[in-house]
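Working notes, structure below.
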Protein chains: 2
Amino acid sequence: MVVVNVDEGGAVTERNTEVEALPVGVAAAWGLRGRTGRGPKPVMSLERIVAAAVAVADVDGLAAVSMSRVAAELGAATMSLYRHVSGKEELLAHMVDAVFGMPPTVREDEDWRAGLTRRAWTLLSAWRTHPWALDVPIAGPPAMPHEVTWTEDALGTFRDTGLTDRERLSVLMLVSGYVRNQARLEAQVGEVGTNQPSYGALLRRLIDERAYPELNRLVSSGVLDDPDDADAEFSFGLDRVLDGIEALLRKRS
Amino acid sequence: MVVVNVDEGGAVTERNTEVEALPVGVAAAWGLRGRTGRGPKPVMSLERIVAAAVAVADVDGLAAVSMSRVAAELGAATMSLYRHVSGKEELLAHMVDAVFGMPPTVREDEDWRAGLTRRAWTLLSAWRTHPWALDVPIAGPPAMPHEVTWTEDALGTFRDTGLTDRERLSVLMLVSGYVRNQARLEAQVGEVGTNQPSYGALLRRLIDERAYPELNRLVSSGVLDDPDDADAEFSFGLDRVLDGIEALLRKRS
DNA sequence: GCCAGGAAGCGTATGACATACGCAGAAGCG
DNA sequence: CGCTTCTGCGTATGTCATACGCTTCCTGGC
């Protein structure tokens with residue numbers, strides 16, 4: 001969490017100001033901070049910096065995203081980035097919001113379940129494409145523009161369901177959290193060792209039948225060995241979540 | 001993901017070996033790597049290092065956990081840590097497993113729903129006590145001893161439910177993922193700016209009524225202003241998840 | 001039109017960090 | 001007892017984020 005201001009040197013820095021306190025990157029993302037018009041025309045821009053950083057992360061992972069690496073990708077000097085972004089933390093916040101982009105268009109012919117399902121799949125696709133986003137440290141509540149727009153649109157799918165405002169938001173958080181968690185599990189399993197064909201093979205080396213009878217059975221059944229159909233897994237869990245929401249809606253009508 | 005081995009100098013290093021490939025920290029955690037008995041009696045130990053690191057993280061957050069900081073807390077030299085841990089990534093893996101510890105004891109008088117509920121609350125408590133654990137980068141599939149034991153015990157709660165092995169695991173991942181996500185949301189909201197009394201106040205500054213009617217209504221209702229009863233929030237979502245699972249069980253019986 | 005002020009790019013420098021390498025001494029084994 | 005193994009740690013290196021300040025470009029205001 002930083003306070004956003006521009007100092008005497010012109011670089012974007014962090015300072016304690018009564019009126020400007022926002023989570024890192026939020027002011028810039030909402031256009032509350034821009035250039036005055038004076039000075040040389042920038043060759044650089046926040047958008048270009050973010051795009052370069054996302055490209056690095058997509059190829060080499062989050063750990064490869066250093067200010068100097070991003071600058072090198074842009075053919076610029078490291079310190080020039082600081083004219084457009086206050087620091088690495090802000091850059092990361094922009095990167096995450098960038099990869100999720102705008103939500104899918106709202107369709108009036110869909111009921112809440114179909115709407116949420118479609119959104120969940122779109123979200124999952126973004127996580128899968130950019131798994132490094134899972135490792136970006138917590139910076140604050142959802143406040144970046146795309147994030148907020150996803151929430152706004154999704155709240156709309158519950159317009160006529162009888163849920164309270166708080167419940168609608170809670171239900172949304174449940175679904176999007178489920179998507180994130182599935183993406184995380186996929187990323188974890190994707191990190192299985194080079195000499196382990198599967199998660200099952202890994203566990204087989206660690207557990208014994210006496211101490212871990214349930215897992216032993218699971219592992220012996222081969223369930224963890226076959227390359228899971230990640231889509232089916234996702235669907236299964238999503239249906240559980242949506243069934244639970246449906247049970248609530250039934251109570252409300 | 002590292003390969004675990006001990007090099008000529010005696011420090012724990014990473015090397016490409018056919019037979020020892022395990023996710024970082026797993027071999028050590030399962031006692032597959034220990035000392036031979038030769039050499040001076042160690043003053044240091046993996047357990048002490050991990051405990052010191054957890055203490056630092058609990059007070060100052062994950063970013064404060066540097067090898068030199070942990071060593072300082074132990075009154076030792078930074079490089080001495082490397083005799084017991086291959087690197088920072090391994091240290092982080094041990095830290096996370098340490099804070100979750102052993103799962104609550106299994107109770108035979110509980111049905112699956114009660115059992116899962118109790119476990120969920122215990123898990124949430126650990127996340128709340130150690131929110132830094134949320135920011136530890138993905139290292140591999142769940143393979144650390146405590147983690148595996150939590151899974152084993154929880155699988156037992158579904159023993160006589162008619163679910164397939166794969167379904168049982170999926171359902172477990174759903175619940176534990178829900179807990180993690182709630183902890184994450186709490187941590188995010190806890191990062192609200194110093195000049196924002198609430199998440200609602202933050203959003204109020206960013207959105208306008210025309211573009212964000214749903215959120216505007218939510219914010220105007222004051223729902224996001226009052227200090228949420230986090231426990232009630234958690235309960236609400238957990239019940240949705242468990243209701244969804246219950247719907248599945250009904251189909252299976 | 002002029003000029004002061006603001007802004008962009010970036011060179012230089014600093015401190016923090018993770019960890020490689022190797023020395024000295026402690027301890028076990030044959 | 002000699003040799004091997006292991007522990008603690010000093011020294012060193014490269015990477016990283018970012019503070020500070022210089023030069024040049026450009027605009028807004030008079």
Side-chain angles (χ1 to χ4, degrees), chain A residues 2 5-15 24 28 33-49 52-53 56-57 60-93 137, chain B residues 2 5-15 24 28 33-49 52-53 56-57 60-93 137:
Chain A
V2 297
N5 202 351
V6 181
D7 72 0
E8 294 89 357
V12 181
T13 61
E14 313 171 11
R15 190 158 292 171
V24 67
R33 188 191 84 207
R35 66 185 303 264
T36 63
R38 289 181 170 206
K41 288 192 196 294
V43 171
M44 204 63 58
S45 74
L46 176 60
E47 287 71 33
R48 286 188 64 217
I49 294 168
V56 170
D60 294 325
L62 194 64
V65 179
S66 64
M67 303 305 273
S68 49
R69 172 74 188 275
V70 175
E73 299 291 323
L74 292 164
T78 306
M79 294 309 297
S80 60
L81 302 195
Y82 289 87
R83 294 291 181 188
H84 304 268
V85 67
S86 66
K88 186 156 176 197
E89 196 184 354
E90 183 178 341
L91 177 59
L92 295 179
Chain B
V2 296
N5 203 350
V6 181
D7 72 0
E8 294 88 355
V12 182
T13 61
E14 314 171 8
R15 190 158 293 172
V24 67
R33 188 191 83 206
R35 65 186 303 264
T36 62
R38 286 183 171 203
K41 290 189 196 295
V43 172
M44 203 62 59
S45 74
L46 177 59
E47 287 73 31
R48 286 188 64 217
I49 294 169
V56 170
D60 293 327
L62 195 64
V65 180
S66 64
M67 303 305 273
S68 48
R69 173 73 187 276
V70 175
E73 298 291 323
L74 291 164
T78 306
M79 295 308 298
S80 59
L81 303 195
Y82 290 87
R83 294 291 181 189
H84 304 268
V85 66
S86 67
K88 186 157 176 195
E89 196 184 354
E90 183 179 341
L91 177 58
L92 295 178

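Chain naming here is simple, since letters A, B, ... match the order of the sequence lines and numbering starts at 1 in each.
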Task: Axial bend angle, the helix from C:dG1-D:dC30 to C:dG30-D:dC1: five-pair end segments, nearest 10° - done: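 It comes to 10° between the two terminal axes.
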Open item on the list: Please compare B:Lys88 and A:Pro42 by the position of their nearest nucleotide in DNA chain C and report the one closer to 5'.
Closed with: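 Per heavy-atom nearest nucleotide, the more 5' residue is A:Pro42.
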Qualifying residues under side-chain hydrogen bond (donor to acceptor under 3.5 Å, both in side chains), relative to [X], sequence neighbours excluded:
| X | answer |
| --- | --- |
| B:Arg48 | none |
| A:Arg38 | none |
| A:Ser66 | A:Ser68 |
| B:Glu47 | none |

To the nearest Å, give me how far apart [atom1] ([X]) and [atom2] ([N]) are.
| X | N | atom1 | atom2 | answer |
| --- | --- | --- | --- | --- |
| B:Arg33 | D:dT7 | CZ | P | 10 Å |
| B:Arg69 | C:dG15 | CZ | C1' | 17 Å |
| A:Leu46 | C:dA7 | CG | P | 17 Å |
| B:Ile49 | D:dT7 | CD1 | C1' | 11 Å |
| A:Glu90 | D:dT18 | CD | P | 11 Å |
| A:Leu81 | C:dG9 | CG | P | 10 Å |
| A:Glu89 | D:dA17 | CD | P | 13 Å |
| A:Met44 | D:dC25 | CE | P | 17 Å |

Can you sort out the partners of [X] under side chain to side chain contact (heavy atoms under 4.5 Å, CB included), two or more places apart, ordered by chain and number?
| X | result |
| --- | --- |
| B:Met67 | B:Thr78, B:Leu81, B:Tyr82, B:Val85, B:Lys88, B:Leu91 |
| A:Pro40 | none |
| B:Ala72 | none |
| A:Ala57 | A:Val65, A:Met95, A:Trp132 |

Open item on the list: D:dC6, OP1 or OP2 - any side-chain N/O from B:His84 closer than 4.0 Å?
Closed with: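 For D:dC6, neither OP1 nor OP2 has a side-chain N or O of B:His84 closer than 4.0 Å.
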- [ ] Could you please name the option among D:dA17, C:dC17, C:dG9 that lies closest to any side-chain atom of A:Val43?
- [x]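 Nearest to the side-chain atoms of A:Val43, counting from C-beta on, is C:dG9.
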TODO: Kindly state which residues belonging to residues 72-80 of chain B come within less than 4.0 angstrom of DNA chain D, counting heavy atoms of the residue only, listed by number.
DONE: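 Hits under 4.0 Å, by residue number: B:Ala76, B:Ala77, B:Met79, B:Ser80.
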So which protein nitrogen or oxygen atoms get under 3.5 Å of nucleotides 24-27 of chain C's nitrogens or oxygens?
residue	atom	partner	partner atom	Å
C:dA27	O4'	B:Gly39	O	3.3

Open item on the list: Considering only residues two or more places apart or on different chains, which pairs with a residue in residues 60-76 of chain A satisfy salt bridge (charged side-chain N to carboxylate O under 4.0 Å, His left out)?
Closed with: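 Applying salt bridge (charged side-chain N to carboxylate O under 4.0 Å, His left out) to every pair that reaches into residues 60-76 of chain A, excluding sequence neighbours, yields A:Asp60-A:Arg69, A:Arg69-A:Glu73.
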Open item on the list: Contact between B:Pro42 and B:His84 at the side-chain level, heavy atoms closer than 4.5 Å - yes or no?
Closed with: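 Answer yes - side chains close enough.
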Task: Minimum heavy-atom distance between B:Ala52 and B:Val70, given as atom pair plus value - done: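 Reported closest heavy-atom pair: CB-CG1, 4.0 Å.
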